[in-house]
A.B. asks: 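Sending over a structure as structure tokens; questions will come in a sec.
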Protein chains: 2
Amino acid sequence: MTKHAGNTTEMAMELGWAMSEMKSCLRQKIQEKINGYDPDLSFELLEIIGLLWRSDGMNQQDIGRIVSKDKSSITYLISCLVERGLAKRITGKKDKRNKQVFLTEKGRQKREMIFPLALAVYQRAVGTIKEKEMQQALALVKKMIINLE
Amino acid sequence: MTKHAGNTTEMAMELGWAMSEMKSCLRQKIQEKINGYDPDLSFELLEIIGLLWRSDGMNQQDIGRIVSKDKSSITYLISCLVERGLAKRITGKKDKRNKQVFLTEKGRQKREMIFPLALAVYQRAVGTIKEKEMQQALALVKKMIINLE
DNA sequence: TTAAATTAGTTTGAATTCAAACTAATTGGT
DNA sequence: ACCAATTAGTTTGAATTCAAACTAATTTAA
């Protein structure tokens with residue numbers, strides 16, 4: 001393998017670390033903001049309820065696919081949301097194996113206060129980055145995922 | 001905020017998901033390969049010992065900074081490596097708060113077999129992606145991190 | 001039509017994670 | 001010189017994570 005190709009692989013490892021750092025920063029910043037309003041809502045729970053805020057009634061499998069968590073983790077986190085009265089599971093009529101997760105009224109209401117806080121952190125992360133640049137980074141990460149499959 | 005800027009923030013969220021997916025894929029692929037040789041070495045432990053393979057004698061704080069894990073997680077993972085006879089802690093002479101983590105002979109030997117496996121997965125992820133493209137993605141993620149600080 | 005294979009979600013067990021509080025050591029301010 | 005503030009790492013507790021095995025339901029193959 002050429003030195004050139006070696007550099008790209010080296011950068012891929014650095015990208016992995018940078019990605020971990022970015023996720024860690026986002027998580028801390030967002031958690032800090034949420035704690036002021038709802039200390040019982042963790043960043044992990046927010047990832048799930050955030051999906052429901054944008055698309056109520058998703059099934060567990062789809063939720064797991066989007067956030068890339070094991071289905072047993074999804075079961076655990078959804079149970080936490082249910083325990084907190086923020087969501088409920090409804091068994092599918094057509095396929096009883098399927099369970100759709102819907103927001104409760106309380107869960108919907110949380111959106112009003114919490115979503116703008118999380119959004120603001122993402123906006124801050126974006127700063128002056130241009131849409132074209134973000135698009136290219138997204139496409140590259142997706143390409144790497146495809147290469148791994 | 002303009003629609004344009006809204007799209008970039010939306011893409012930043014998608015980037016977050018894609019990054020989680022990529023990490024999950026890397027982790028599974030690498031773990032599969034390692035399991036054939038050393039089922040006792042998890043991907044998480046590999047992240048740490050991998051750093052030591054490239055830079056023996058790092059202190060715990062620096063290790064934590066690079067992989068973006070809480071210092072208590074670093075304590076836990078290093079203890080696991082020590083338990084497995086792969087690493088040892090040496091207290092710094094100049095600053096007794098500091099502990100450097102060195103590989104044992106056994107830990108060094110693991111590199112020979114394991115490192116190429118992990119490297120191959122990264123190489124596969126890179127595929128035909130060019131150095132310039134990877135560089136741009138890395139720069140963007142780093143910019144987002146800076147924007148969050 | 002029946003049975004095997006597959007799928008969606010749950011349970012279990014252990015590993016990994018982080019926040020908070022702690023100890024011990026060093027640094028900085030007076 | 002002394003003490004407060006800070007730092008590096010550890011401990012504790014609880015949350016989160018995934019792999020494996022499970023149950024129940026659906027799909028596929030014979």
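As a basis for the values below, the full set of heavy atoms in this structure was taken, side chains included, without hydrogen atoms, waters or symmetry mates. Numbered from 1 within each chain, the chains take letters A, B, ... in sequence-line order.
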A.B. asks: Below 3.5 Å, can you tabulate the donor-acceptor pairs from side chains in residues 20-27 of chain B to any protein atom, sequence neighbours excluded?
C.D. replies:
from, atom 1, to, atom 2, distance (Å)
S20(B), OG, K23(A), NZ, 3.2
S20(B), OG, G16(B), O, 3.3
K23(B), NZ, S20(A), OG, 3.2
R27(B), NE, E44(B), OE2, 3.0
R27(B), NH2, E44(B), OE1, 3.0
R27(B), NH2, E44(B), OE2, 2.8

A.B. asks: Taking ILVMFWY side chains as joined if any heavy atoms are under 4.5 angstrom apart, and letting links pass through other members, which residues group with I90(A)?
C.D. replies: F102(A)

A.B. asks: Taking side-chain hydrogen bond (donor to acceptor under 3.5 Å, both in side chains) as the cut-off, I'd like each qualifying pair that reaches into residues 135-149 of chain A, sequence neighbours left out, listed once.
C.D. replies: none

A.B. asks: Please report the shortest heavy-atom distance between I63(A) and M58(A), naming the atom on each side.
C.D. replies: CG1-CB, 3.8 Å

A.B. asks: For K29(A), which residues count as a salt bridge (Lys or Arg N to Asp or Glu O under 4.0 Å) partner, sequence neighbours excluded?
C.D. replies: none

A.B. asks: Check the hydrophobic clustering (I, L, V, M, F, W, Y; side-chain heavy atoms under 4.5 Å; chains of links allowed) and say if I146(A) and L138(A) are grouped together.
C.D. replies: no

A.B. asks: Tell me, please, the opening and closing nucleotides of DNA chain D, 5' to 3', among those with an atom under 4.0 angstrom from a non-hydrogen atom of chain A.
C.D. replies: dA15(D) to dT26(D)

A.B. asks: Using the side chain to side chain donor-acceptor pair (under 3.5 Å) rule, pick out the option among S73(A), S72(A), S68(A) that qualifies with D70(A).
C.D. replies: S72(A)

A.B. asks: Over all heavy atoms of both residues, which pair between V126(B) and T9(A) is shortest? Give the atoms and the distance, please.
C.D. replies: CG2-CA, 4.0 Å

A.B. asks: Report the residues that fulfil salt bridge (Lys or Arg N to Asp or Glu O under 4.0 Å) with R89(A), sequence neighbours left out, ordered by chain and then residue number.
C.D. replies: none

A.B. asks: Please enumerate all residues that pass salt bridge (Lys or Arg N to Asp or Glu O under 4.0 Å) together with R97(B), with sequence neighbours excluded.
C.D. replies: D95(B)

A.B. asks: Quick one: label K71(B) by what it contacts on the DNA or RNA (base, sugar-phosphate, nothing), any heavy atom closer than 4.0 Å.
C.D. replies: base

A.B. asks: Look at the side chain of N59(A) and the backbone N and O of K99(A), then say whether any donor-acceptor pair between them is shorter than 3.5 Å.
C.D. replies: no

A.B. asks: Which residues, if any, of residues 74-89 of chain B bring a heavy atom under 4.0 Å of DNA chain D?
C.D. replies: T75(B), R89(B)

A.B. asks: Using C1' atoms of five pairs at each end, report the bend of the helix from dT1(C)-dA30(D) to dT30(C)-dA1(D) rounded to 10 degrees.
C.D. replies: 30°

A.B. asks: Tell me, with the steps shown, if K130(A) and E133(A) meet salt bridge (Lys or Arg N to Asp or Glu O under 4.0 Å).
C.D. replies: CA-CA 5 Å; K130(A) 294 177 172 48; E133(A) 295 172 299; 5.1 Å; no

A.B. asks: Dump the pairs, protein N or O against N or O of nucleotides 26-28 of chain C, anything under 3.5 Å, distances to one decimal.
C.D. replies:
from, atom 1, to, atom 2, distance (Å)
dT26(C), OP1, K96(B), N, 3.3
dT26(C), O4', R97(B), NE, 3.3
dT26(C), O4', R97(B), NH2, 3.4

A.B. asks: Which residues, if any, of residues 27-57 of chain B bring a heavy atom under 4.0 Å of DNA chain C?
C.D. replies: S42(B), E44(B)

A.B. asks: Begin with the C-alpha distance, continue with both residues' side-chain angles, and end with the deciding distance and a verdict on side-chain contact (heavy atoms from CB on, under 4.5 Å) for M134(A) and M144(B).
C.D. replies: CA-CA 10 Å; M134(A) 188 68 73; M144(B) 292 179 81; 4.0 Å; yes

A.B. asks: Hey, does the side chain of R84(B) reach the backbone of C80(B) with a donor-acceptor pair shorter than 3.5 angstrom?
C.D. replies: yes

A.B. asks: Looking at residues at least two apart in the chain, or sitting in another chain, which of them share a salt bridge (Lys or Arg N to Asp or Glu O under 4.0 Å) with K96(A)?
C.D. replies: none

A.B. asks: Closer to the 5' end of DNA chain D via nearest nucleotide, is it Q60(B) or S24(B)?
C.D. replies: Q60(B)

